[in-house]
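Nothing here was measured: the structure is a model prediction, and the numbers come from that model. Every chain is numbered from 1 and lettered A, B, ... according to where its sequence line falls, protein lines coming before strand lines.
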Amino acid sequence: MMKNTSFNPKGNRTIGNRLQEACECTVQSSKDRCNSLTSGHRACQGCGEALGARWVVDAAMKAAKGKLLVVNATGCLEVFSTPYPETAWQVPWVHSLFGNAPAVATGVAAAMRVKGKGDVRVLAQGGDGSTTDIGFGCLSGMFERNDDVLYVCYDNQAYMNTGVQRSSATPPTASTATTPSMGHEPGNVFGTGKNLPLLAMAHQIPYVATASLSDTRDLEAKVERAMSFSGARYLHVLVPCPLGWGYVPNDTIRLSRLAVQCGLFPLFEAEDGEVTSATKICEPCPVEDYLKPQKRFANLFKGDKKSDKRLAQMQAIADANIRRFDLLGDEENCK
Amino acid sequence: MLKQVEGSRAVAEVVALCRPEVVCAYPITPQTHIVEGLGELVKAGHVENCDYINVESEFAALSVAIGASAAGARAYTATSSQGLLFMAEAVFNAAGMGLPIVMTLGNRAIGAPINIWNDHSDAMSMRDAGWIQLFAENNQEAADLHIQAFRIAEELSCPVMVCVDGFILTHAVEEVDVPTQEQVDAFVPPFEPVQVLDIKAPVSIGTLVGPDAFTEVRYLDHKKQLRAYDVINNVSRAFKKAFGREAGGMIRTYHVDDAKTIIVAMGSVIGTLKDMVDEKREQGQKIGLVSICSFRPFPSKEIQEVLQKAKHIIVLEKSLASGQGGVMSAHVKLSIDKKIPVTTLIAGLGGRPIPKKSLSDFVESMEKGTHGELHFLDLDHAVVERELAAFEQEKGRGR
Ligand SMILES: Cc1ncc(C[n+]2csc(CCOP(=O)(O)OP(=O)(O)O)c2C)c(N)n1
Ligand code: SF4
Ligand SMILES: [Mg+2]
């Protein structure tokens with residue numbers, strides 16, 4: 001997707017990029033960005049979701065030329081951004097319930113259509129819990145009808161707003177409040193959970209992509225690409241959560257990058273159900289690098305046989321992703 | 001135009017005349033014919049600028065309507081029974097957000113045991129959700145109430161549920177005067193939302209409200225319901241002026257002025273009750289009838305006024321608060337002088353017919369004072385005794 005530049009071949013590590021050609025600058029580096037989610041909200045320090053939401057909505061606003069309506073599911077993002085009488089949103093924004101954001105978005109899009117305002121676009125957003133669990137029925141319905149909505153899932157891999165409980169996006173072994181790791185016992189079990197990007201692809205919708213906070217330009221490019229389609233589109237963004245994952249807040253971007261580089265979070269795009277691109281891993285690393293800084297994975301590093309075996313199982317998941325999406329870069333595509 | 005039509009068809013045609021912009025459809029008996037009818041009318045081009053959406057659940061149906069309404073479109077859906085419960089969270093949400101959605105409820109019992117026939121348990125389950133709830137006596141009123149509902153909803157920014165007895169009305173073919181487009185257009189002005197998602201004036205709708213302001217928000221909801229008394233009455237009066245017939249309002253009375261015994265009820269059973277009252281009056285009995293049209297807001301003041309001179313009150317209701325008695329009776333009791341005895345008559349549960357003879361016999365026996373405060377019409381005592389005995393005997397056997 002992203003055009004490689006010799007200036008910064010590894011994706012941009014800063015949102016600035018002011019030294020680049022204007023057309024290659026990120027939306028975030030532009031003074032004209034709409035700053036959809038402005039300062040003053042109550043997210044935790046280092047919240048990946050707050051960052052991801054602003055980047056995504058700013059990029060979508062740019063693509064929609066300012067004509068964008070946003071629907072939000074219940075969750076951290078909604079709660080920290082709109083404690084009455086304040087709101088951090090600079091865009092028209094509506095929240096209804098935890099499990100109905102895709103359906104509400106369908107209604108908003110329908111209203112725009114019948115009112116002859118088809119140029120006003122609709123973005124719906126929610127956490128992994130609302131997307132993969134409670135709102136999945138509505139999401140699947142919205143996909144299946146191919147309603148003109150871009151749905152964005154901010155995946156922090158648990159129900160954070162209610163205090164870090166397991167969702168169907170929680171990775172194996174991760175300790176959460178409802179899958180606690182005890183002593184040497186791991187948290188969440190292997191062999192469960194669902195892969196929403198693949199499920200979205202199974203609906204044959206025009207566009208599906210995954211994105212990471214470690215590559216702003218790639219993330220923005222995917223939003224822009226998503227906005228170039230009409231119909232149902234799905235973007236799945238990994239958003240580390242210092243509170244729920246147990247790491248220091250200044251590691252949010254580093255962990256985002258490591259998740260991609262170790263292969264646990266593959267970056268790819270798909271159109272009409274077929275994968276069209278996958279971002280090569282140019283600096284591969286073992287899953288250990290990504291998992292070890294996070295307290296929720298402490299059970300993997302007990303130094304006994306069982307935890308070694310679990311760590312190997314985690315590595316196997318990453319390896320499977322790398323094979324499936326052909327992620328390992330070579331000299332040609334990692335220049 | 002007078003037409004011989006099924007109740008559902010009449011409702012569908014009238015809703016179409018109200019120019020809904022988004023219609024959400026999901027099947028459930030006995031409401032289904034309404035959304036089917038609307039689907040056909042939209043497809044045939046009888047409703048301009050209308051999006052008819054086949055959704056995946058009732059929860060989605062009302063959620064799509066919520067989104068459409070928040071974005072400034074006139075939104076409509078219909079459901080019954082389990083469907084209403086399935087959308088329960090969105091029902092409260094639509095009211096909390098002050099969205100003037102109109103929904104038809106084809107009244108049906110709630111399972112288990114699963115039962116597709118009529119009673120009012122579904123409507124009663126949502127009585128405190130913040131919606132206005134209007135009950136139709138017959139198919140003409142079912143049609144007319146929808147015309148009023150859009151106007152009431154939009155004037156108040158409050159959702160309105162039009163309750164139409166399942167099968168008894170939804171599937172009954174009767175003569176209904178379906179008005180013209182011009183008539184309806186003159187009565188229902190275009191929707192102008194109070195607050196709307198607008199790219200030119202960005203607002204945040206549906207934000208979090210903490211303890212510091214939540215009571216005030218609820219107080220304002222209550223105020224809105226109180227304001228609805230006037231709006232419902234005014235719209236009903238305006239309707240009579242425009243269409244030349246009665247429909248809606250808070251309550252309607254029948255021979256109450258000199259009545260010693262007054263029956264309170266709502267919905268389609270009013271027809272049977274009127275016949276019964278006529279018969280009893282012919283025999284010289286001073287009996288009257290109050291038909292509640294608006295259950296929410298509840299017409300406490302009107303009820304108090306009309307019932308104050310009664311010697312006996314019978315509240316006939318098609319729902320049961322297990323362990324307590326009647327839902328509507330509790331409301332009536334709170335509205336009137338404590339000294340007037342009130343008998344709750346539970347009738348018509350799960351579609352059990354309410355024959356005039358049973359009603360007549362009940363009134364007669366009640367006047368002899370043979371009933372307590374709670375009576376179940378035509379209860380088969382033999383079945384109940386048998387089941388109770390079997391339950392005693394079989395206790396623990398299934399383990
Ligand atoms: C029907 C319903 N069930 C449960 C809740 C409680 N609840 C609110 S937010 C939330 C967790 C949200 O998790 P997620 O969607 O992953 O978003 P996050 O907070 O992690 O960003 C839960 C369980 C609710 N509001 N509504
Ligand atoms: S708990 Fe996590 S997702 Fe929620 S605000 Fe804090 S960092 Fe963000
Ligand atoms: Mg989450």
Any chance CZ of B:F86 has more than 12 other-residue heavy atoms, nucleotides or ligands included, within less than 6.0 Å?
no
With a 4.5 angstrom heavy-atom cut-off, is it the side chain or the backbone of B:V22 that approaches chain A, or both, or neither?
side chain
Chain A contact via B:C24 - side chain, backbone, both or neither, heavy atoms under 4.5 Å
neither
Per-residue tally against chain A (heavy atom, under 4.5 Å) across B:G96, B:A213, B:A61, B:G72 peaks at B:G72
Among B:I66, B:L62, B:V203, single out the residue with the greatest number of heavy-atom pairs under 4.5 Å to chain A.
B:V203
Region of A:V71 that comes under 4.5 Å of a non-hydrogen atom in chain B:
neither
Closest non-hydrogen contact found for B:F59 with A:C138 is CD2-SG, 3.8 Å
Between chain A and chain B: donor-acceptor pairs at under 3.5 Å:
unit_1	atom_1	unit_2	atom_2	d
A:T82	O	B:L208	N	3.1
A:Y84	N	B:L208	O	2.7
A:T87	OG1	B:S204	OG	2.6
A:W93	N	B:V203	O	3.0
A:W93	O	B:I205	N	2.8
A:H95	N	B:I205	O	2.9
A:H95	ND1	B:G206	O	2.8
A:S96	O	B:N93	ND2	2.9
A:S96	OG	B:N93	OD1	2.6
A:N100	ND2	B:S63	OG	2.9
A:R113	NE	B:D51	OD2	3.0
A:R113	NH2	B:D51	OD2	2.2
A:K115	NZ	B:E21	OE1	3.4
A:K115	NZ	B:E21	OE2	3.0
A:K115	NZ	B:G72	O	3.1
A:R145	NH1	B:E56	OE1	2.7

When every non-hydrogen atom of B:I53 is compared with those of A:A110, the smallest separation belongs to CD1-CB, 3.7 Å
Ignoring hydrogens, what is the shortest heavy-atom contact between A:A111 and B:A73? Give both atom names and the distance.
CB-CB, 3.6 Å
Turns out that what part of B:A65 lies under 4.5 Å from chain A's heavy atoms comes down to neither
Sort B:A90 into side chain, backbone, both or neither according to what part of it lies under 4.5 angstrom from a heavy atom of chain A.
both
Is B:I114 atom CD1 crowded by more than 12 heavy atoms from other residues, nucleotides or ligands, each under 6.0 Å away?
no
Counting only heavy atoms not in A:Q204 (residues, nucleotides, ligands), do more than 12 fall under 6.0 Å from its CD?
yes
Heavy atoms only: give me the nearest B:G67-A:V108 pair and the separation to one decimal.
O-CG2, 3.4 Å
Nearest heavy-atom contact between B:I199 and A:G66 is CG2-O, 4.0 Å
Residue from B:G210, B:A68, B:A201 scoring the most non-hydrogen pairs under 4.5 Å with chain A is B:A68
